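Just so we're on the same page: letters track the sequence lines, and every chain starts at 1. Quick caveat: nothing in here was measured; it's all calculated off a predicted structure.
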There are 2 protein chains.
Amino acid sequence: MTMSNTGGRRRAPTIHDVAREAGVSRGTVSRVLNGGHYVSPAAQEAVNAAIRKTGYVVNRHARSLITGRSDSVGFLLTEPQERFFEDPNFNVLLRGCTQALAAHDIPLLLMLAGTRDERRRITRYITAGHVDGVLLVSSHSGDPVAEELRAAGVPLVACGKPIGLGSKVSYVAADDRDGARDMVRHLLSLGRRRIGVVTGPLDTPGGVERLAGYREVLAEAGLPADERLVVSGDYSRASGEAGAERLLERAPDMDAVFVASDLMAQGVLAALHRAGKRVPQDIAVGGFDDSPAATAATPALTTIRQPWDRISSEMVRVLLAQLGGEEPAAVILPTELVRRESA
Amino acid sequence: MTMSNTGGRRRAPTIHDVAREAGVSRGTVSRVLNGGHYVSPAAQEAVNAAIRKTGYVVNRHARSLITGRSDSVGFLLTEPQERFFEDPNFNVLLRGCTQALAAHDIPLLLMLAGTRDERRRITRYITAGHVDGVLLVSSHSGDPVAEELRAAGVPLVACGKPIGLGSKVSYVAADDRDGARDMVRHLLSLGRRRIGVVTGPLDTPGGVERLAGYREVLAEAGLPADERLVVSGDYSRASGEAGAERLLERAPDMDAVFVASDLMAQGVLAALHRAGKRVPQDIAVGGFDDSPAATAATPALTTIRQPWDRISSEMVRVLLAQLGGEEPAAVILPTELVRRESA
DNA sequence: TTCTCTACTGTGAACGCTCACAGAAGCATG
DNA sequence: CATGCTTCTGTGAGCGTTCACAGTAGAGAA
């Protein structure tokens, strides 16, 4: 309107320009910007008009400098991205966090720190106050970033229980152990007695807890603990396939198998099919995650649903509470058994 | 060392504290922080020691307030994330950009703006100066964000030619048209004369250009343009499958098909297999992208490799050049024919 | 009237940094 | 000896906000 915007950035309008335009003081403009309390309707109106006319946008650096806040939150991945991007649960989680923060008008910045070098850079960036808090997603234990951020006093909420960190860091997790118990109880209720398990990686809380739930229920049912029925995978489809082959070899009389992820369960189904076993008639299969893989599988997988939508909203809630001065908290959310055809 | 860090964040050390500790002035500390020119070795040493001792990290808000720079770059997705996260090329692109920026010690912030509301928030965030420039990834045309950012004078580099924006915005793209020409010429060189095509969405530059390349080569070869041989897909596997079915119906004598993406080509292979056609004996199939789908397919796909690693490094180079004051530029990179079994 | 209370407004002082400038010291040159 | 150049250092100003505080005006109560 006043000037053409050809290429080079002209000086952006400041709160001063708006104040002059509206015929009020900086203070009044600032008050309008921050909720409009103690501002007369006339002033409110004049300021809004001036903002529209000048095209003013607040300089967040200046604001942050004095408030000490940045009004943004980081979503930090401390592992190779591929691992997550291909995981449908991760997408749900990310979207859920974005939406929950959007309700507070807080933008979410996704940061990748797969390599040591990137971790250094990102840690510096975060500790320099560029985000108010961090939602941390990292499945493996002993994450140095988490410890570093905690030490720097950055509000932090992890997804899944971080191994090796004290109780000083918040986390939100599904009740893996209880989910595993539900599934194994379900398999027992179908009359199965020789129940195998393909676990996740045993350096992750999920891997450990799901195995523990399996063992507990078998013990409660008075069934013997048979280590031939226990093999480990890494959550990949291929590892599920390999795991099932080993199980069939070691325990040909197996009549059910609890698999710690749907993706692995797909591999298990493939191996069973090749071995000529019918699912669920000969062997019942239970998965974990209720991912798209569960419905895509043939037969469709009976599985344990993790409440990803609630996990994300709880992560945001806990983080915002921490920003508001509350203490770190741990939230464990219940899982749900989803019955389909495989068991 | 000096104080325990219990919960609440204590006041962070400032450049002042470092200066006092080192026995020099703020100016000298600032010079050390910014490259160490015109600083005596003794002062340099003292300042570094003081930084280590105090645990000082620069307050980027204060720095940005005065420099007008934020020393960070945004990677903006203006479409539903799922679309990208499942695309392996996207992973390569993201990783490449991260690495190229890392060489300049610039952190990359991934921003998702799938919904209208998020776009508004993110645009405000960007125009408020939170990032110095934006790497934009959006395959569809008429992207309002791009236009808005351009109008706000934010340095911008798009991946792929943005439709509908003037020449004022930089972009880096593979030579889609030339890639398509190479593939169709290759099919001709195998003696094929009834060559079908499954295009990408025709509101994307890739979709349009690859089809144009196909048509050009057929025209050059003196072959008739037969619209029964042209169907459109949306880059998904399913659309490839549907496209192949339509082609077979409309042109049963087809002896080759050029598919505008490997994922669609997988679908095409499935449909051909179902129809009892042998590949490449009965029908040769050419893909595009050289994605993992290409090698995973049976038979392995002959395809066109896009230089994703170069695309990412060029995007970063062009953006940094623009930050340095250079004019927007368009970069077109050559593709490469990768011969495998399907053609 | 006078006082108090509430609603509103303006002002100076930060916030922590960089930048421009002024100056000091050392050394070579006129 | 003065002059200029280079290297190094300190200082004041200012970036664009918010915040605390000091006001002003008007309404209602004493």
Side-chain angles (χ1 to χ4, degrees), chain A residues 9-51 54-72 124-125 127-130 132, chain B residues 9-51 54-72 124-130 132 152:
Chain A
R9 298 211 225 187
R10 67 179 147 174
R11 192 180 136 283
T14 75
I15 203 173
H16 240 112
D17 301 325
V18 176
R20 186 160 10 87
E21 182 72 36
V24 298
S25 71
R26 284 168 12 242
T28 300
V29 176
S30 179
R31 276 184 286 267
V32 171
L33 256 32
N34 294 285
H37 299 302
Y38 291 100
V39 179
S40 68
Q44 178 91 250
E45 179 73 11
V47 168
N48 283 329
I51 288 176
T54 55
Y56 170 79
V57 280
V58 24
N59 181 323
R60 300 183 84 120
H61 297 307
R63 173 181 284 177
S64 295
L65 178 55
I66 190 159
T67 60
R69 285 175 289 113
S70 67
D71 297 317
S72 63
R124 252 205 340 245
Y125 193 75
T127 51
H130 244 288
D132 293 338
Chain B
R9 297 212 225 187
R10 64 179 150 174
R11 194 180 134 282
T14 75
I15 203 172
H16 241 111
D17 302 324
V18 175
R20 186 158 10 87
E21 181 71 36
V24 298
S25 71
R26 287 172 4 246
T28 300
V29 176
S30 178
R31 275 184 287 267
V32 170
L33 256 33
N34 293 285
H37 300 302
Y38 291 100
V39 179
S40 68
Q44 179 92 249
E45 178 72 13
V47 168
N48 283 328
I51 288 176
T54 55
Y56 170 80
V57 282
V58 13
N59 181 322
R60 299 183 85 121
H61 297 307
R63 174 182 283 176
S64 295
L65 179 56
I66 189 159
T67 60
R69 285 175 288 112
S70 67
D71 297 318
S72 63
R124 249 202 347 240
Y125 192 76
I126 292 172
T127 51
H130 246 290
D132 292 339

(Q) What's R26(A) touching, base or sugar-phosphate or nothing? Going by heavy atoms closer than 4.0 Å. (A) base
Q.
Categorize R31(A) for me: base, sugar-phosphate, or nothing, with a 4.0 angstrom heavy-atom threshold over every strand shown.
A. base
For the atom pair [atom1] ([X]) and [atom2] ([Y]), what is the distance rounded to the nearest 0.5 Å?
X      : Y       : atom1 : atom2 : value
D71(A) : D132(A) : CG    : CG    : 6.0 Å
R60(A) : T67(A)  : CZ    : OG1   : 9.5 Å
R63(B) : N34(B)  : CZ    : CG    : 5.0 Å

State whether [X] places a side-chain N or O below 4.0 Å from either non-bridging phosphate oxygen (OP1 or OP2) of [N].
X      : N       : value
Y56(B) : dC17(C) : yes
T14(A) : dG16(D) : no
S30(B) : dT18(C) : yes
N34(A) : dT18(D) : yes
T67(A) : dC15(C) : no

Q: Take L65(B) and G23(B), find for each the nucleotide of DNA chain D with the closest heavy atom, and name the residue whose nucleotide sits nearer the 5' end.
A: G23(B)
Name the closest nucleotide to the [X] side chain, picking from [options].
X      : options                  : answer
S25(B) : dT18(D), dT9(D), dG10(C) : dT9(D)
S40(A) : dG10(D), dC15(C), dC8(C) : dC8(C)
P41(B) : dG10(C), dC8(D), dT9(C)  : dC8(D)

Whole Å only: how far is the [atom1] atom of [X] from the [atom2] atom of [N]?
X      : N       : atom1 : atom2 : answer
I66(A) : dA13(C) : CD1   : P     : 14 Å
N59(A) : dC15(C) : CG    : P     : 18 Å
H37(B) : dT9(D)  : NE2   : C1'   : 17 Å
R69(A) : dG16(D) : CZ    : P     : 20 Å
L33(A) : dC19(D) : CG    : P     : 11 Å
H16(B) : dG12(D) : NE2   : C1'   : 12 Å
R20(B) : dC17(C) : CZ    : C1'   : 16 Å
I15(B) : dC15(C) : CD1   : P     : 14 Å

Q.
For a quick check under 3.5 Å, do T54(A) and D17(A) share a side-chain donor-acceptor pair by atom type?
A. no
Q.
For H130(A) and Y125(A), take the angle between the two ring planes, folded into 0 to 90°, and tell me which bin it lands in: parallel under 30, tilted 30 to 60, perpendicular over 60.
A. parallel
